[in-house]
There are 2 protein chains.
Amino acid sequence: MNEIEIFLASKNVRPTAMRILVFRWLAKRKTAVTLTDMEVFFEKSDRTTLYRTIKTFEENGIVHRINDGGGIPKYAICAEGCRYGEHHDLHLHFHCTRCDETSCLTDHQIPQVNLPKGYLVEDMNLVVNGLCDSCNVD
Amino acid sequence: MNEIEIFLASKNVRPTAMRILVFRWLAKRKTAVTLTDMEVFFEKSDRTTLYRTIKTFEENGIVHRINDGGGIPKYAICAEGCRYGEHHDLHLHFHCTRCDETSCLTDHQIPQVNLPKGYLVEDMNLVVNGLCDSCNVD
DNA sequence: CGATTAATGCACTTCCATTGCATCCAAAGT
DNA sequence: ACTTTGGATGCAATGGAAGTGCATTAATCG
Ligand SMILES: [Mn+2]
Ligand SMILES: [Mn+2]
Ligand SMILES: [Zn+2]
Ligand SMILES: [Zn+2]
């Protein structure tokens, strides 16, 4: 077993050929991907398989879902420490309004927030919209 | 003209009967609404009309769209100062994972964030998931 | 190898958003 | 008051993406 297979197995995800390909591809991306992105790249594979692959990945703490406001979910590989049903990706997400790419700024944590009395926080999601460094060239 | 008509007109939105009804209803809501919510309440009206009504409201700074992660957009009345294509609702949004209601916490601004060099901020959106005060009763 | 269980592929369904077009209405001009 | 006219509305159709059922294929285990 190679490194990816070992990793997937450690997440209780059976390392099938398709899953290995998808994971390797995801790991190389610098920005989050949509299901359609996957569909375009893996044109030989069925959309349903990709759908269930990314769902399995999400459920097992391998990727996290990002909602950048565009309505279509995007996915990116998790940082370490994410587990089944328990994600720890409290970092900021940047969505570029020009190139429509969404990226994880894993070095930028979501600031602490105060809430009114009685509210209990489970999770947070901060999306910053603007121009990414590539697009912000004047 | 009553107060609502004057307000709509001030936003360059013609105060039709339907728009007045919708605005009045929205103003009474404590939580953000979906298009389907509107459809259920205004059962006599056509879905398309409601769709275009809320779209017009959004485009003219009367409501803002909230994406709480559930995939279905929600809408709530804007704070003062929002204009055509220019919203100033940098407040926190709370989404309750139990009752699925989403509310604007207009008193809670989004904290300042630092970004990597080269990134330009245009807008931010912070959604906090958890239990609202009504649901967090143990 | 045979039995068992999970993954895949295909077809279909569902859920909303969105659009085209005909009709209606209300403000503005005569 | 009548006509004109552009925007608002309603209905029907389309579009796009998520999700489901089921038969088939592949992987795993004894
Ligand atoms: Mn991320
Ligand atoms: Mn709000
Ligand atoms: Zn960009
Ligand atoms: Zn609640």
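Proteins come first, then strands; the chains are lettered A, B, ... in the order of their sequence lines, and each starts at number 1.
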Next on the checklist: Tell me whether the rings of B/Phe42 and B/Trp25 are parallel (<30°), tilted (30 to 60°) or perpendicular (>60°).
Outcome noted: perpendicular

Checklist entry - Rounding to a whole Å, what distance do you find between A/Arg65:CZ and D/dA18:C1'? => result 10 Å

Checklist entry - Which nucleotide in the list C/dT8, D/dG10, D/dT20 gets nearest to the side chain of A/Thr48? => result D/dT20

Next on the checklist: Closer than 3.5 angstrom, by distance alone: can the side chain of B/Arg19 be matched with the main-chain N or O of B/Thr53 as a donor-acceptor pair?
Outcome noted: no

Checklist entry - In residues 25-47 of chain B, which residues come under 4.0 Å of DNA chain D by heavy atom? => result B/Ser45, B/Asp46

Item to check | d(CZ, B/Phe57; P, D/dA8) in whole Å | outcome: 11 Å

Checklist entry - Side-chain N or O of A/Thr49 less than 4.0 angstrom from OP1 or OP2 on C/dA7? => result no

Next on the checklist: Regarding D/dG10, can its base be found pairing with the side chain of B/Arg52 as donor and acceptor, where the two atoms are less than 3.5 Å apart?
Outcome noted: yes

Next on the checklist: Measure CD/B/Glu58 against P/C/dA17 and give the value in whole Å, please.
Outcome noted: 12 Å

Checklist entry - Does the B/His108 side chain pair with the main chain of B/His91, one donor and one acceptor, at a distance under 3.5 Å? => result no

Next on the checklist: Whole angstroms only, please: what is the CG-P distance between A/Leu8 and C/dA6?
Outcome noted: 17 Å

Next on the checklist: Please check this pair: side chain of A/Asp46 against backbone of A/Thr48, looking for a donor-acceptor N/O pair closer than 3.5 Å.
Outcome noted: yes

Checklist entry - How do A/Ala17 and A/Tyr51 order along DNA chain D: which one's closest nucleotide is nearer the 5' end? => result A/Tyr51

Checklist entry - Do any N or O atoms from the side chain of B/Asn136 and from the backbone of A/Gly118 form a donor-acceptor pair under 3.5 angstrom? => result yes

Checklist entry - Is a donor on one side and an acceptor on the other found under 3.5 Å between the side chain of A/Thr34 and the backbone of A/Lys74? => result no

Checklist entry - Given atom CE of A/Met18 and atom C1' of D/dA27, what is their separation to the nearest angstrom? => result 17 Å

Checklist entry - Where do B/Tyr75 and B/Phe57 land on the ring-ring contact (aromatic ring centres under 6.0 Å, His included) test, with the steps shown first? => result CA-CA 10 Å; B/Tyr75 301 89; B/Phe57 282 4; 9.8 Å; no

Checklist entry - Within this structure, what is the CD1-to-P distance between A/Ile72 and D/dG15, rounded to whole angstrom? => result 16 Å

Checklist entry - How about A/Cys104 and A/Ile66: do any of their side-chain heavy atoms sit closer than 4.5 Å? => result yes

Checklist entry - Can you find a side chain N or O atom of B/Arg19 that sits less than 4.0 Å from OP1 or OP2 on D/dA8? => result yes

Item to check | Bending between helix ends of the helix from C/dC1-D/dG30 to C/dT30-D/dA1 [5 pairs per end, 10° resolution] | outcome: 20°

Checklist entry - How close or far is atom C1' of D/dA27 from atom CD1 of A/Ile20, stated in whole angstroms? => result 12 Å

Checklist entry - Hey, are the side chains of A/Arg29 and A/Ile77 touching, using non-hydrogen atoms and a 4.5 Å cut-off? => result no

Checklist entry - Between B/Ile54 (CD1) and C/dC16 (P), how many Å, whole number? => result 17 Å

Checklist entry - Any idea which of D/dT9, D/dT28, C/dA17 is nearest the A/Arg14 side chain? => result D/dT28

Item to check | Main-chain N/O of B/Ile62 paired to B/Asn60 side chain as donor or acceptor, under 3.5 Å | outcome: no

Checklist entry - Are OP1 or OP2 of D/dA8 and a side-chain N or O of B/Thr53 less than 4.0 angstrom apart? => result no

